[in-house]
Amino acid sequence: LIAGITTLLLCLGLVMVLSTASVADLTQGESPYHDFKVQLIGIVVGVPIMWAAARCQPRLFRAAAYPLLAVSAIGLFLILIPGVGTSVNGATRWIAVGPLTVEPSEIAKLALAVWGADLLARKEKLGMLADWRHMLMPLLPGTGVLALLVMSGHDLGTTSILLIIFLALLWYIGTPGRVFVGLLIFMLLVLLLLVVTESYRLKRLTGFWDTSGASASSVNWQATQGKYALG
């Protein structure tokens with residue numbers, strides 16, 4: 001089932017990349033297959049890693065939890081240093097390493113999931129999860145540090161994903177409903193505050209609700225072009 005779904009998604013992804021990126025590649029003087037080849041290389045490298053990871057023992061992932069967390073935190077610090085981090089469209093997410101770019105926030109997603117799972121599993125073994133406060137400490141501050149570092153690079157999307165990973169961990173271990181709902185409401189309020197404090201984020205939200213008079217060059221250009229594509 002996993003192999004079939006993975007193959008289907010990868011094939012669809014390659015088709016979509018070739019379809020959407022070929023014209024952009026041509027306008028930049030590249031081969032129309034440039035992005036397609038990059039995506040294909042990623043698959044050739046990634047699939048064997050996925051195959052190997054699926055056959056690794058859990059203790060290997062648990063051993064990698066803290067190193068992954070440290071690497072992601074250091075990387076997120078580095079992108080905030082002027083001249084080290086690379087900004088695209090207002091978001092600072094990448095570090096250039098020769099011809100390649102590394103996105104520490106992607107490592108942070110995996111690090112939080114693995115570290116959080118290992119931490120909670122250890123506490124469960126010690127019988128500490130009967131107290132909801134042990135569910136949150138130090139998972140909550142650890143998540144908060146990663147989220148603040150990512151948000152410092154103006155990456156609200158990845159910040160939201162980190163919070164979702166945090167909530168998923170709490171849901172899985174059976175956090176009391178009132179605690180879970182309280183955290184969920186608090187995080188939604190924080191995300192809403194982050195949205196309204198930046199005009200371009202607020203325009204995206206208000207544009208989603210009101211697309212009247214939208215043109216292909218307005219803030220709603222994605223929705224508008226989507227309708228054109230369906231037509």
Side-chain angles (χ1 to χ4, degrees), residues 41-43 45-88 90-129 131-173 175 179-180 183-184 186-187 190-191 194:
I41 291 171
I43 291 173
V45 174
V47 168
I49 293 175
M50 183 190 75
W51 181 86
R55 283 155 180 76
C56 290
Q57 294 296 320
R59 63 175 178 270
L60 179 63
F61 292 98
R62 299 182 77 162
Y66 282 90
L68 277 174
L69 193 67
V71 168
S72 62
I74 292 171
L76 291 171
F77 270 117
L78 288 176
I79 64 173
L80 300 179
I81 300 175
V84 177
T86 302
S87 297
V88 177
T92 307
R93 306 180 187 178
W94 299 270
I95 298 175
V97 182
L100 302 175
T101 54
V102 178
E103 192 171 354
S105 60
E106 291 297 322
I107 303 174
K109 295 176 189 176
L110 177 62
L112 178 58
V114 176
W115 171 71
D118 175 60
L119 176 69
L120 294 171
R122 292 178 189 277
K123 288 195 170 192
E124 183 181 37
K125 190 174 182 180
L126 296 172
M128 300 171 67
L129 295 185
D131 186 345
W132 64 267
R133 288 169 293 188
H134 283 294
M135 297 177 179
L136 301 181
M137 302 300 291
L139 183 60
L140 178 58
T143 302
V145 170
L146 289 179
L148 285 172
L149 287 172
V150 171
M151 199 59 226
S152 297
H154 304 285
D155 186 357
L156 181 60
T158 302
T159 302
S160 303
I161 293 174
L162 289 175
L163 297 180
I164 291 171
I165 292 171
F166 169 73
L167 290 173
L169 288 167
L170 294 182
W171 177 272
Y172 187 78
I173 61 170
T175 302
V179 177
F180 188 87
L183 286 169
L184 179 60
F186 173 72
M187 290 178 180
V190 170
L191 290 175
L194 292 172

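Keep in mind it's a predicted model, so treat the numbers as computed, not measured. FYI, the numbering just counts along the sequence from 1.
- Under the 4.5 Å side-chain criterion, counting only non-hydrogen atoms from C-beta, Glu124 is not in contact with Ile173.
- Of all heavy-atom pairs spanning Leu162 and Leu112, the tightest one is O-CD2, 3.4 Å.
- Checked options Leu146, Val190, Val150, Ile164; the residue passing with Thr159 is Val150 (criterion: side chain to side chain contact (heavy atoms under 4.5 Å, CB included)).
- Contact of the Leu183 side chain with the Leu136 side chain is registered, since non-hydrogen atoms from C-beta on lie closer than 4.5 Å.
- Among all heavy-atom pairs drawn from Ile95 and Gly75, the shortest one is CD1-O, 3.7 Å.
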Apply side-chain contact (heavy atoms from CB on, under 4.5 Å) to Phe61 and Asp118, showing your working. CA-CA 9 Å; Phe61 292 98; Asp118 175 60; over 6 Å; no
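- In terms of heavy-atom proximity, Leu129 sits nearest to Lys123 at CD2-CB, 3.8 Å.
- In this structure the side chain of Pro104 reaches within 4.5 angstrom of the side chain of Ile79, judged on heavy atoms.
- Between the CG atom in Leu69 and the CD1 atom in Ile107 there is a gap of 11.5 Å [rounded to 0.5 Å].
- Residues Ser160 and Leu191 come closest through the heavy atom pair OG-CD2, 3.7 Å.
- Of the inter-residue distances, the one linking Lys125 atom NZ with Arg122 atom CZ reads 8.5 Å to the nearest 0.5 angstrom.
- Heavy atoms of other residues, nucleotides or ligands lying less than 6.0 angstrom from OH of Tyr172 number 12 at most.
- To the nearest 0.5 angstrom, Phe180 atom CZ is 6.0 Å from Leu184 atom CG.
- No side-chain donor-acceptor contact under 3.5 Å links Lys109 to the backbone of Ile161.
- Atom-to-atom distance recorded for Arg55:CZ and Leu60:CG is 14.5 Å, nearest 0.5 angstrom.
- Note that the CE atom of Met128 and the CG atom of Leu120 stand 10.5 Å from one another [nearest 0.5 Å].
- In this structure, the separation between CH2 on Trp115 and CG on Leu169 is 9.5 Å, given to the nearest 0.5 Å.
- Contact record, Leu80 with Gly153: CD2-N, 4.0 Å, taken as the closest heavy-atom pair.
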